[in-house]
Amino acid sequence: MRRRLRNILSLADFEIAARKHLPRPIFGYVAGGAEDNISLCADAPAYRAWSFVPRVLVDVSQRSQQVELFGNAYTSPFGIAPMGISALIAYEGDLALARAAEKTGIPMIVSSTGLIKLEEVAKAAPRSTWFQAYLPGDDAGIGALLQRVQNAGYRTLVLTVDTAVLPNRENNVRVGFSTPVRPTLRLAWDGIVRPRWSIGTLLRTLVKRGMPHFENAGAMLGVPIISRDAVRQFPLRDRLSWPHIDLVRRLWRGNLVLKGILSAQDTRVAAEHGVDGIIVSNHGGRQLDGAVAPLITLPEIVRAKGPMKVMIDGGIRRGTDVLKALALGADFVFIGRPFIYAAAIGGEAGVAHAIRLLAGEISQDMALLGVSSLSELGRDRLAPAMDMIPPALCRS
Ligand SMILES: Cc1cc2nc3c(=O)[nH]c(=O)nc-3n(C[C@H](O)[C@H](O)[C@H](O)COP(=O)(O)O)c2cc1C
């Protein structure tokens, strides 16, 4: 394992290793976006449109990347975004992510489409875990879910609000992926040619934990992950609107975060409804294809945020990306795919390695930029890049 991780020098290297490790449908599910991958491919290049203006001869020997968010001191300004079915991608994926986050002092958001009970993840990592929910469309269902999340001890609730309906993920169909997973000959073959995953993740899970279920969608146990004809239920989600946020605000005593905001108008409305923070996000390009890259709307959103915290995700892969987001006014950032690739190839140690790599880059970049604390970052540290570097060939 150590040797495997030694060759991983950046977050991008995890994707290269994961492509060789995961069956084609599973890798395709993680890497892909919606329809033509327009938003997916726009997220990272938005960061390249900015360049730095470093200051020199500044004593940066005492620099710190610590950040305070919702009363917690985090060791770095980044966390792990919620990712569904992590435990099918990596053995006990949610636990690997949560434990690494807990040990390194960063937050990890547990997905409501997870396969490990939210209570078990909270127990493994009580300080670092937040919970992400897709709200059920009925008031009783909302109340029951919030009660369950509160009972498990979560203090920060993230509501993902960019999913009124399921998106068109024809990419998944093309690579043979569906949820619940439908057993087919092709899927069996995809597993056979990736024996490390088939034995180390799938078989090990079935033997040690039994058939995984969608554990966190509501107050009750959901459908099994592998099934011939079960359909994943997203009842009545397209009727959700701001009064539902008011209901949640009345019922939920902890921090309330909305994930999937991309407009300054919605930012203002969220602040009026008593929301504590937002995650500016196009869901990693997995919902509305063509939705704007979050970094593009970030400055306008920061101007509209009022007392809320503003976080951002999508395409962040380098320490320099993190610092650019903060310089444009974000309080914190989240990263998705690289961490689940890290869990797939290296479990908890892989995720810890990813966290260390990114924290190391941030520390170096702060020194080279001439800042000792993240609060020194502002728009004056950035200039528009003269030429857009042509985006790296977008593989998925
Ligand atoms: C495999 C996978 C599963 C995801 N599942 C969820 C989810 O259950 N809930 C959610 O709010 N976002 C989900 N997302 C979106 C991420 O939380 C995040 O917004 C996105 O991955 C950030 O972009 P990045 O992967 O480029 O860092 C998922 C993303 C991936 C890659």
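Only a predicted model underlies this, so the values are computations on that prediction, with no experimental measurement involved. Start at 1 and go down the list; that is how both ligands and their atoms are numbered.
A side-chain donor-acceptor contact under 3.5 Å links Asn37 and Asn171. A donor atom on one side chain and an acceptor atom on the other are not found under 3.5 Å apart for Arg356 and Thr104. Under 3.5 Å, the side chains of Asn282 and Asp162 contain no donor-acceptor pair of N or O atoms. Between the side chains of Gln62 and Ser372, not a single donor N or O lies within less than 3.5 Å of an accepting N or O.
Put simply, no part of Asp43 is less than 4.0 Å from ligand 1, judged by heavy atoms.
Taking a cut-off of under 4.0 Å to the non-hydrogen atoms of Ile335, the atoms of ligand 1 that pass are 27 (O). Short contacts between ligand 1 and Gly336, defined as distances under 4.0 Å to a heavy atom of the residue, involve ligand atoms 21 (O), 24 (P), 25 (O), 27 (O). Residue Ser281 approaches ligand 1 through these ligand atoms, each under 4.0 Å from one of its heavy atoms: 19 (O). The contact set between ligand 1 and Ser111, taken as ligand atoms under 4.0 Å from a residue heavy atom, comprises 7 (C), 8 (O). Heavy-atom contacts of Thr113 reach the following atoms of ligand 1: 8 (O) (cutoff under 4.0 Å). For ligand 1 and Thr160, the ligand atoms under 4.0 Å from any heavy atom of the residue are 10 (C), 11 (O).
Around atom CZ of Arg209, more than 12 heavy atoms belonging to other residues, nucleotides or ligands sit under 6.0 Å away.
In this comparison of Gly314, Gly84, Ala81, Pro82, the heavy atom closest to atom 23 (O) of ligand 1 sits on Gly314. Nearest-heavy-atom check against atom 30 (C) of ligand 1 across Lys259, Arg286, Arg337, Gln287 picks out Arg286.
What sits closest to atom 15 (C) of ligand 1 on the protein, heavy atoms only, is His283 CD2, 3.4 Å. Looking only at heavy atoms of the protein, atom 19 (O) of ligand 1 is closest to Asp313 OD2, 2.6 Å.
Between the side chain of Arg379 and the backbone N or O of Leu382 there is at least one donor-acceptor pair closer than 3.5 Å.
Only the side chain of Tyr29 comes within contact range of ligand 1, with a heavy atom under 4.0 Å; no backbone atom does. Proximity of Arg317 to ligand 1, defined as any heavy-atom pair under 4.0 Å, is confined to the side chain (atoms from C-beta onward).
Cation-pi check for Arg286 over Tyr29 is met; the charged atom lies under 6.0 angstrom from the ring centroid and within 45 degrees of its normal.
When each of Ile106, Asp313, Ile316 is checked for a side chain to side chain contact (heavy atoms under 4.5 Å, CB included) with Phe78, only Ile106 meets the rule.
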